[in-house]
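Below is one structure, written out as structure tokens; the observations come after it.
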Amino acid sequence: MDVTAIIDSLNDAQRQAVSAPSRSMLVLAGAGSGKTRVLVHRIAWLIKIERVSPHNILAVTFTNKAAKEMRGRVEDLLNISARSMWIGTFHGLAHRLLRQHSEEAKLPNTFQVIDSDDQLRLIKRLMKAMNIDDTRWPPKQMVWFINAQKDEGIRASHIQETGDLYQQKQLEIYRAYEDLCKRSGLVDFAELLLLAFETLRDNAELLAFYRNRFQHVHVDEFQDTNTIQYAWLRLLTDGKDNLFVVGDDDQSIYGWRGAKIENMFNFQKQYPNHLLIRLEQNYRSTGNILKASNALIACNEGRMGKELHTDDGDGDLISLYSAFNEQDEAYFVVERIRKWVAEGNSRADAAILYRSNAQSRLFEEKLMATGTPYRVYGGLRFFDRMEIKNALAYLHLTAHKGNDSAFERIINTPTRGIGTKTIDEIRQLAREQQITLWQAMISLMKAGHFTPRAANALKGFVQIINGLAEQSEGAELYQQVKNAIEKSSLIEFYKKEKGDKGEARVENLEELVNAARQFDYEESNEEDQTELDIFLAHAALEAGDAQGDAFEDCVQLMTLHSAKGLEFPLVFMVGLEEGLFPSQQSVDDLARLEEERRLCYVGMTRAMKHLYMTYAESRRLYGKENYPRPSRFLKEIPVEQLQEIRLRASVSKPVTPVKSSKSTMGTSGRYQLGQRVNHEKFGEGVVLQVDGDGAQERVQVNFANAGMKWLMLSYAKLEVL
DNA sequence: TTGTTCCAGCTTTTT
DNA sequence: GCTGGAACAA
């Protein structure tokens, strides 16, 4: 293969990044500037032109999807199998490292990965056992605290006691949780990263091995790395000048979960020999969308600096719609989508982006009412569903009787008459003797401790698990899964659940057998791991997609966060109101406000051709009527890039800084300019403008107490005075 | 063990 | 004002 195939399709900046002589590099890649492309082509370049063995390449991403895509694209481009190349998520790679070196990590080689849900349950149980008041120390906050510490590389033993009672209890919980996990061989997500870091740090030989192996280290979405992830990268690359990172400080939107945008600046200091390359040519959006986005993000301070441009035309102006209320907003958006579809476009090309999940409901209702298929992103993913986790818990417990969190989950699911009292007794013994719940249960049964009823129920449970263990001996993975679902009678249990909820659960369980059948455990080269173990770890680390049927042509609904990395020809950003976006919790803090602004930037740069931004003048929130101001972000967009949408007025006039006094007469003629009116919420006011007709007729009223408002006559109950 | 009632909480999410 | 979870009663 020659050079052309790898760099021909690239622009100058991309080409420079791809073909630079080996050294550390920071590629500042704007939205839609082809960042994955650069990463993929860089790796291809190393392999084909620099003759680097795939074996010596490491590439890290945040999501499994990104990792899969990258591997696939490298393989396609080179037409080779890149098996020996380490491409994966931080968590996936850390997991792999710990499996291979469980001894050095001081982990039992049967350790299990637990997800955040298991983690919370574990903490709750722990706190109950410790008799800690969960109103003063909410378990959720404790989880958050523990994970935040781990993300910073801080162990319980590192924390100084301040004498503060709250802190002391928190610390106690952290300590107890560390103990419990250690004892039961459980590893949470944050622990994967921290332990992988510590294991390398503390084993000179191991570290030397990997530093030597990974001659080229690549990181995607570098702005999203947290402290421990960056520390891990530094361990591997410090002094070697071989760290290639791609990121965009303007798209850092995960500060609240530990991402350190500072890592980008630290990188520049700590790899002084690095090459900085900016990718500023955008291949996604129109000129107007880019101009607006550039202007908005320019309001942030301390940026690395970047301005997107396109070779294509300016395109449409950004449409701004001021809705009377949230109902009107949803109605407007859905109508525009219907129009778009009627013009022959596909629904899947239209996206509704919102700040918070709760906002989706109204849009869903309106879409449903008009019979428009839609898809909401971000619900529970396949392996996160209750029925799936229950079924997996049977498998977990069968394979590892010491898995207490699996034990707790299914000891009485489906209900088999084992009550709280029985379980509490088991828990108590387990705690006293520092043994697993399973062992405690067996030992209490042997001692004849239970009432005949409870003893019988427990016996049944033990039989199920032991029976499964027997059946599983040498059985195919899918057969084991099938056995577990059958023996546990989970299907019968969920069939009883009323509504179609139960039906969906049964379907999911059946789907789980399919998932197991199709499961491709190619990487089962780790000796002492069974197929089942690999499958279970896969389920924890990769929760799968939220919805199976992605193929139908559906309108896309999602939060701004989950829209990152995606693009759509038609985008609606809704709810641009102070208090909602930017969120109320962020307005008093400059750093958080800037993150909101970046989120807005991310949203806008999702749009390829058409961008609508909407806000409501009145919105019901938490049961109260609110009259929010339009989002400050709207004011940061140059008016030259905006056009205000007036329903049915059929003239879309540019926004002018001074409100035009031009007015048209509504067809009803009931409202003359200057007419005094009364509104049940806003009080008295004077009509200044009339606009549109029929159901769309609106009036602008200047209220004595509430200020200027546009009101939809079909909604607003106006009284002529 | 199930159904009811009460009460807090209410951004964003991947692994 | 709604929802989900936990506490409570039958």
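In what follows, chains carry the letters A, B, and so on, assigned in the order in which the sequence lines appear, proteins first and then strands, with residues in each chain numbered from 1.
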Taking only N and O in the side chain of [X], is any of them less than 4.0 Å away from OP1 or OP2 of [N]?
| X | N | result |
| --- | --- | --- |
| A:Arg381 | B:dT15 | yes |
| A:Asn147 | B:dT15 | no |
| A:Asn64 | B:dT14 | no |
| A:Thr559 | B:dT13 | yes |

What distance, rounded to whole Å, do you find between the two P atoms, one in C:dG4 and one in B:dT11? 15 Å
With rounding to the closest Å, how many angstrom separate the P atoms on C:dT3 and B:dT12? 15 Å
On DNA chain B, does the nearest nucleotide to A:Asp115 precede the nearest nucleotide to A:Arg355 from the 5' side, or the other way round? Give the residue. A:Arg355
Residue met sooner reading DNA chain B from 5', once A:Phe189 and A:Thr420 are mapped to nucleotides: A:Thr420
Whole-Å gap separating [atom2] ([N]) and [atom1] ([X]):
| X | N | atom1 | atom2 | result |
| --- | --- | --- | --- | --- |
| A:Asp118 | B:dT15 | CG | P | 16 Å |
| A:Leu362 | C:dG1 | CG | C1' | 13 Å |
| A:Phe493 | B:dT2 | CZ | C1' | 11 Å |
| A:Lys421 | B:dT1 | NZ | P | 13 Å |
| A:Lys624 | C:dG1 | NZ | C1' | 11 Å |
| A:Ile228 | B:dT14 | CD1 | C1' | 17 Å |
| A:Leu120 | B:dT14 | CG | P | 17 Å |
| A:His561 | B:dT13 | NE2 | C1' | 8 Å |

Does the B:dT12 base have a donor-acceptor partner in the side chain of A:Ser583 within less than 3.5 Å? no
Among the nucleotides B:dT1, B:dT12, C:dG1, whichever has the atom closest to the side chain of A:Arg620 is C:dG1
Could you please name the option among B:dT13, B:dT11, B:dT15 that lies closest to any side-chain atom of A:Ser356? B:dT11
Do A:Asp118 and A:Arg409 make a side-chain contact, defined as non-hydrogen atoms from C-beta onward lying under 4.5 Å apart? yes
Ring-on-base stacking B:dT11 with A:Trp256 (under 5.5 Å, under 30°): no
Assign [X] to base, sugar-phosphate, or nothing according to its heavy-atom contacts below 4.0 angstrom with the strands shown.
| X | answer |
| --- | --- |
| A:Asp188 | nothing |
| A:Gly419 | nothing |
| A:Ser586 | base |

Using the six-membered ring of A:Phe111, assess whether NZ or CZ of A:Arg99 lies under 6.0 Å from its centre and within 45 degrees of the ring axis. yes
Got a list of protein N/O to nucleotides 8-10 of chain B N/O distances below 3.5 Å?
none

Is any NZ, NE, NH1 or NH2 atom of the basic residue among A:Lys65 and A:Glu542 found under 4.0 Å from an Asp or Glu carboxylate oxygen of the other? no
For the residue pair [Y] / [X], report whether a side-chain donor-acceptor contact shorter than 3.5 Å exists.
| X | Y | value |
| --- | --- | --- |
| A:Glu329 | A:Gln327 | no |
| A:Asn390 | A:Tyr494 | yes |
| A:Tyr601 | A:Gln251 | no |
| A:Ser583 | A:Glu596 | no |

Determine the interplanar angle of the A:Tyr254 and A:Trp256 rings, folded into 0 to 90°, and report it as parallel if under 30°, tilted if 30 to 60°, perpendicular if over 60°. tilted
[X]: partners by side-chain contact (heavy atoms from CB on, under 4.5 Å), with sequence neighbours left out:
| X | answer |
| --- | --- |
| A:Ala406 | A:Ala393, A:His396, A:Leu397, A:Asn403 |
| A:Asn357 | A:Tyr354, A:Thr559 |
| A:Leu580 | A:Gln359, A:Glu577, A:Arg619 |

Given A:Glu636 and A:Arg632, is the salt bridge (Lys or Arg N to Asp or Glu O under 4.0 Å) satisfied, shown in steps? CA-CA 7 Å; A:Glu636 294 168 1; A:Arg632 68 190 71 190; 5.9 Å; no
As a quick check of understanding, evaluate side-chain contact (heavy atoms from CB on, under 4.5 Å) for A:Asn412 and A:Phe461, giving each step before the final call. CA-CA 9 Å; A:Asn412 198 32; A:Phe461 178 62; over 6 Å; no
Nucleic acid contacts of residues 588-596 of chain A, taken as heavy-atom distances under 4.0 Å to DNA chain B: A:Arg592, A:Glu596
Syn/anti label of B:dT11 as read from its glycosidic torsion, with the cut at 90° from 0: syn
N/O to N/O distances under 3.5 Å, protein versus nucleotides 3-10 of chain C:
unit_1 : atom_1 : unit_2   : atom_2 : d
C:dA6  : OP1    : A:Lys124 : NZ     : 3.1

